[in-house]
J.: 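Okay, handing you the structure first.
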Amino acid sequence: MKHPPLHNIFLLAAVFSVAGKTAAAQERPAARDSVHPLAEVIVTANKFEEKSRFVAQKVEVMHAPEIRASLSNNTGGLLEQSGKVFVQRSQLGGGSPVLRGFEASRILLVVDGVRMNNAIYRTGHLQNVITIDDDITEKVEIIYGPASTIYGSDALGGVIHFRTKDPQFHRFATNISARYSSAFEEYTGHVDVNAGGRKFASLTSFSYSDVGDLRMGARRNRHDGDWGKRKQFIGSVNGADSVLSNPDERIQRNSGYRQYDLLQKFRWQPKEGQEHLFNIQYSTSSDIPRYDRLTDLRNGKLRWAEWYYGPQDRLMAAWQFKSSRLNGFFDQLMAGASYQSVEESRMQRAYRNPQRDHRIENIHVAAFHLDLRKSKGRHELNVGGDGQLNFLKSTAFRQNIQQGEKRTGLDTRYPDGQNRMHYFGAYAQHLYKIVPGKLILNDGLRANYTTLHCTFADTSILHLPFTEANQRHVTWSANLGLIYLPDTQTKLSIDASTGYRAPNIDDIAKVFESAGGAQLVVPNPDLRPEQTVNFDLGAARQFGKRLYVELNGFYSLLRNAIVLDAFLFNGKPGVVYNGQLTPVVAAQNKAKATIAGFQAAAQWQLLQRLRAYGNVTYTHGRYTDAKGARMPMDHIPPVFGKAGVQFGWQQLETEGYVLFNGWKKTKDYNPNGEDNLVYATPEGTPSWTTLNLSARYPVLPWLKVQAGLENLLDEHYRVFASGISSPGRNVVLKLQASF
């Protein structure tokens, strides 16, 4: 892959230099002499702003300084480096977050109040999070546990809500940054411009990333052997597919990609207390190689000459209106409407086969919401309604790469006729200060109606025994939480909540070949919603001004769990697919599951500018199938976390930290799900720890330099369920200019 020439970097430096002549001096970060996580942190877990100490659910907030300090190369990396979210990767251009053992369509992704989840979000591993630009993100709220009362379907494991910057009034400002990372061969540039007057403001942002083939670590433990080494890859020699020897087995050939992100916001305040926000976001990429599939073997030989995702296009246009001075019963109002257009495509071609398969999905999503708040005395009441309408077009064709000829007759990933899925819901969320400042009650209720309709126009390829799939569901969810604040230094909470996920088009009607070609997933229209009941117990304590400790335990009961299991298709356990007899599986409501674990965190202010911190998450999940067998749930990460020390001296800010994952033994893998044992060692995924260093320094009032040395010991490791090895020793340099 070609990278931008070095003169582009020097050009950026020249821009920095010219801009600096008009730069305003930035304030020096205030020295922290204590930690106060129980202070009045504002969250939007209940749609409207609320103090976190009054919210029973566990909520983590990543603020702008933490996001700006991160040296990650996409949003998946930003979450992973926090140590609070587990992230799986099937390829370099991706990142699939996991919350409390729930992943992909079982957690909800939200950007600026708009649901990203749509009717084809899958239960496997989902890479869509990288279409959010981390360079323009200023806040991330992570809500752990079911949040269906407020957010509706899919929020079983929680919600990750990304907030991008808003235009600022009375301000003209420009931010420019450039980043290089050695292990990724990455060059990234970003610029955003804010132009704000008295009542109208505009924010324009653009980011570009060019990421090369990833280099894995050289230092291997005794369990690794040759695991992950890229000894061979398929390339073209004189126009013909050829198996080539890799001159450097640590370079994961054919893993690089490029990405472009554009954001435009307009903010208008016609009068005090009222505000309109217009939000346009567009993200696209080059083709993104599906690296794990490019390492698949058949009969001991590399199987795929090509396996890649086409450009991952996401277009969002949203309008939001806020009013904080209503004259009627309610005090505040938020209303909004949005439109999203998403294109996903998958292309694959077997070794020395001139026919390339193209499968393309175009989904259009329209949504709306209305939320109202009433505050009176010791009560706060939030009520609202929302809806989302999904329309999907799934197409497929086969193309001869030598002649350019296209022909039909290829099975589509989803039904090739009409596909639509709609959600409608209404909720009420209540906060009652039973004893003001001491005892707080959270309670809420939601009703949701879901419809789904799919038609199979051509059933001749797989000989489907049906031509339509229809679903209609009414679902309920509720939450009840109690918070006890014995003093300003302590918070005790208990929370019970339910969640649900309506089966979507991906669950009901998908056809695809699983990792390594081991099984074929076929449609099953007879699915019901998954439901969970969750119990949380939390305790947080501030000891003096210097030590903060937090512990949260959780226990979830998952009913009607949708799992992949063996299936009879037209009365047979297997079908001939891609020229080979392949076992058949389908998504089925066959399991009752329990998921339990804990999250612990601590911060210790050792000296005025010296702070130590750490957090760890442990999750255990098992399900009982229809035959009564007890088996491991898939998507359950090993123990993971982060610990580090931050030190500041004058204007220099430094940090040393470790990221760690425990062992995931083979016996704890799900045999039929998405744990990808085929990409692990025979014993499972080994534990790992990386040592990392970073520093930031304002060399000029308007120019800040960041440097990082990640995976200092050059360890080879692979994150559980991932199909690509993680980066080896990585030198990162980032320049940030603000004026």
Side-chain angles (χ1 to χ4, degrees), residues 118-124 290 293 304 306-310 313 341-350 353-365 389-401 403-422 451-472 503-514 517 519-527 562 564 567-588:
N118 57 50
I120 59 172
Y121 265 39
R122 53 192 179 274
T123 55
R290 177 70 186 264
R293 295 303 183 92
W304 299 108
E306 297 179 299
W307 212 122
Y308 60 91
Y309 294 110
D313 291 341
S341 175
V342 178
E343 180 175 303
E344 298 181 358
S345 55
R346 296 163 176 80
M347 276 65 76
Q348 60 193 72
R349 183 176 64 83
N353 185 338
Q355 304 296 330
R356 180 197 294 135
D357 293 346
H358 295 247
R359 292 180 173 88
I360 304 165
E361 327 310 329
N362 291 99
I363 187 161
H364 302 273
V365 185
L389 294 82
N390 292 256
F391 302 91
L392 169 68
K393 179 66 175 177
S394 186
T395 57
F397 63 88
R398 184 164 282 160
Q399 183 176 29
N400 188 300
I401 63 169
Q403 303 170 356
E405 174 190 12
K406 295 182 181 180
R407 62 185 181 87
T408 57
L410 179 67
D411 55 303
T412 54
R413 181 175 173 87
Y414 301 111
D416 54 348
Q418 294 183 353
N419 299 288
R420 58 181 182 267
M421 183 176 186
H422 307 324
T451 68
L452 180 149
H453 173 74
C454 299
T455 57
F456 300 83
D458 184 358
T459 62
S460 62
I461 298 174
L462 285 176
H463 305 289
L464 296 174
F466 46 81
T467 58
E468 287 189 352
N470 293 285
Q471 297 257 304
R472 286 182 176 83
N504 62 19
I505 296 173
D506 185 88
D507 297 302
I508 289 172
K510 174 177 61 180
V511 176
F512 90 108
E513 190 178 23
S514 67
Q519 54 194 20
L520 180 71
V521 179
V522 297
N524 177 18
D526 299 322
L527 289 178
I562 297 175
L564 288 175
F567 192 68
L568 293 178
F569 191 71
N570 289 328
K572 298 179 181 179
V575 298
V576 175
Y577 190 77
N578 282 334
Q580 183 160 315
L581 182 63
T582 308
V584 167
V585 297
Q588 302 166 69

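Everything numeric here is computed off the predicted structure, so don't read it as measured data.
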J.: Nearest heavy-atom pair of Thr395 and Glu361: which atoms, and what distance?
T.: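 So the minimum-distance heavy-atom pair works out to N-OE1, 4.5 Å.
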
J.: Between Arg349 and Ile401, is there a side-chain heavy-atom distance shorter than 4.5 Å?
T.: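 In contact.
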
J.: Does this structure show an ion pair linking Asp411 with Arg359, if we count only N-O contacts that are shorter than 4.0 Å?
T.: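 Yes, Asp411 and Arg359 are salt-bridged.
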
J.: Do Tyr309 and Arg346 have side-chain heavy atoms sitting under 4.5 Å apart?
T.: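 They are in side-chain contact.
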
J.: Could you check whether any side-chain heavy atom of Glu306 comes within less than 4.5 Å of a side-chain heavy atom of Arg356, counting everything from C-beta outward?
T.: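 With C-beta onward as the side chain, the pair touches.
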
J.: Side chains of Cys454 and Ile505: closer than 4.5 Å at any heavy-atom pair?
T.: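 With C-beta onward as the side chain, the pair touches.
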
J.: So, for Gln471 and Pro503, which heavy atoms are closest and what is the spacing to 0.1 Å?
T.: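 Minimum heavy-atom contact is OE1-CG, 3.4 Å.
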
J.: Looking only at non-hydrogen atoms, find the nearest pair between Ile562 and Ala587 and report the distance.
T.: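 Closest approach of Ile562 to Ala587, heavy atoms only: CG2-CB, 3.6 Å.
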
J.: Before accepting this row, confirm whether a basic side-chain N of the pair Arg122/Asp506 lies closer than 4.0 Å to the acidic partner's carboxylate O.
T.: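 Answer for the salt bridge query: no.
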
J.: Applying side chain to side chain contact (heavy atoms under 4.5 Å, CB included) between Leu392 and each of Ile363, Asn362, Val365, report the one that passes.
T.: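 Between Leu392 and the candidates, side chain to side chain contact (heavy atoms under 4.5 Å, CB included) is satisfied uniquely by Ile363.
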
J.: Under the side chain to side chain contact (heavy atoms under 4.5 Å, CB included) test against Leu452, which residue among Leu527, Asn419, Ile508, Asn390 passes?
T.: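 Result: among Leu527, Asn419, Ile508, Asn390, Ile508 is the only option passing the side chain to side chain contact (heavy atoms under 4.5 Å, CB included) with Leu452.
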
J.: Output, in order, the C-alpha distance, side-chain angles, deciding distance and verdict of ring pair (Phe, Tyr, Trp, His ring centres under 6.0 Å) for His358 and Phe397.
T.: CA-CA 5 Å; His358 295 247; Phe397 63 88; 4.4 Å; yes

J.: Looking at residues at least two apart in the chain, or sitting in another chain, which of them share a side-chain contact (heavy atoms from CB on, under 4.5 Å) with Asn470?
T.: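 In terms of side-chain contact (heavy atoms from CB on, under 4.5 Å), with neighbours along the sequence ignored, Asn470 is linked to His453, Glu468.
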
J.: Less than 6.0 angstrom from the centroid, inside 45 degrees of the normal: does Arg290 satisfy that with respect to the ring of Trp307?
T.: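 The answer is yes; both the distance and angle limits are met.
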
